[in-house]
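What follows is one structure encoded as structure tokens, with my remarks underneath.
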Amino acid sequence: MQKSEAITAIVLAAHALARIAAQDAGNDAPSAQWRALSILNQRGGMRLGALASAARTTQPGMTRLIGVLEHAGLVERTADPADSRATVVNATTAGIRALDEWRTELGSTLAPRFDHLSDDDWRAIERTAAILGERAQDTADHQTGEDE
């Protein structure tokens with residue numbers, strides 16, 4: 001397997017596992033909800049267009065999603081301190097709590113699928129998770145300009 005193929009396989013498997021966990025847990029929240037809350041949790045408040053871009057969705061689609069999340073108390077819109085004509089979307093405490101609960105549910109739902117793994121396999125998974133987390137953080141830092 002080529003290096004790029006291995007990375008692709010990991011990403012596709014991760015997406016599949018997330019879908020499986022949502023189905024097994026009976027969680028009917030759209031994955032876009034968790035993606036938006038994750039981005040806001042990681043990067044802080046963002047303008048709607050920037051959030052849509054980061055989540056790889058359209059601005060109208062993100063506007064609808066944020067409306068639903070705001071109604072549920074998971075996000076809030078505030079005036080952008082840099083431009084009073086614009087708004088910034090922030091995750092609320094309830095939104096972060098819901099995200100944390102989903103992540104816990106995700107892990108506990110998937111855990112039985114990994115019960116049979118050896119200690120070596122677990123070390124490989126832990127190392128892979130650390131590497132991928134570092135690469136994802138480097139990308140997020142670059143996109144927000146924190147590494148410049």
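By convention here, the first residue in the shown sequence is residue 1.
The side-chain hydrogen bond (donor to acceptor under 3.5 Å, both in side chains) analysis of residues 100-115, with sequence neighbours excluded, yields the pairs Asp24-Arg113, Asn27-Glu105, Ser38-Arg103. Every pair tested for ring pair (Phe, Tyr, Trp, His ring centres under 6.0 Å) that includes a residue from residues 81-101 fails, sequence neighbours excluded, so the list is empty. Within the structure, no pair that satisfies the ring pair (Phe, Tyr, Trp, His ring centres under 6.0 Å) test touches residues 42-74, not counting sequence neighbours. Among residues at least two apart or in separate chains, there is no salt bridge (charged side-chain N to carboxylate O under 4.0 Å, His left out) pair with a member in residues 6-19.
Note that the CD1 atom of Ile131 and the OG1 atom of Thr128 stand 6.0 Å from one another [nearest 0.5 Å].
Residues satisfying the salt bridge (charged side-chain N to carboxylate O under 4.0 Å, His left out) criterion with Asp121, sequence neighbours excluded, are absent altogether. Arg77 meets the salt bridge (charged side-chain N to carboxylate O under 4.0 Å, His left out) test with Glu70; sequence neighbours excluded. The side-chain hydrogen bond (donor to acceptor under 3.5 Å, both in side chains) check on Arg123 picks up Asp120, with sequence neighbours excluded. Applying the side chain to side chain contact (heavy atoms under 4.5 Å, CB included) criterion to Pro60, with sequence neighbours excluded, gives Thr58, Arg64. For Arg85, the side-chain hydrogen bond (donor to acceptor under 3.5 Å, both in side chains) partners two or more places apart in sequence, or in a different chain, are Asp83.
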For residues 45-56, dump all side-chain donor-acceptor pairs below 3.5 Å to protein atoms at least two apart in sequence or in another chain.
| unit_1 | atom_1 | unit_2 | atom_2 | d |
| --- | --- | --- | --- | --- |
| Arg47 | NE | Asp80 | OD2 | 2.6 |
| Arg47 | NH2 | Asp80 | OD2 | 2.9 |

Throw together a table of side-chain donor-acceptor distances under 3.5 angstrom for residues 2-18, partners on residues two or more places apart or in other chains.
| unit_1 | atom_1 | unit_2 | atom_2 | d |
| --- | --- | --- | --- | --- |
| Glu5 | OE1 | Gln2 | N | 2.8 |
| Thr8 | OG1 | Ser4 | O | 2.9 |

task = Report the C-alpha distance between Leu106 and Leu110 in whole Å, list the side-chain angles of each, state the deciding distance to 0.1 Å, and finish with yes or no for side chain to side chain contact (heavy atoms under 4.5 Å, CB included).
result = CA-CA 6 Å; Leu106 181 80; Leu110 290 174; 4.3 Å; yes
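Here the closest non-hydrogen pair linking Ala91 and Ile96 is CB-CD1, 3.5 Å. Minimum interatomic distance between Ala98 and Leu74 (heavy atoms only, all atoms of both residues): CB-CD2, 4.0 Å.
Linking Ile, Leu, Val, Met, Phe, Trp and Tyr residues whenever their side-chain heavy atoms come within less than 4.5 Å leaves Val88 and Leu40 in two separate clusters.
Checked by atom type and distance alone, the side chain of Thr92 pairs as donor or acceptor with a backbone atom of Gly73 at under 3.5 Å.
By the 4.5 Å side-chain criterion applied to Ile, Leu, Val, Met, Phe, Trp and Tyr, Val68 is assigned to no cluster and stands alone.
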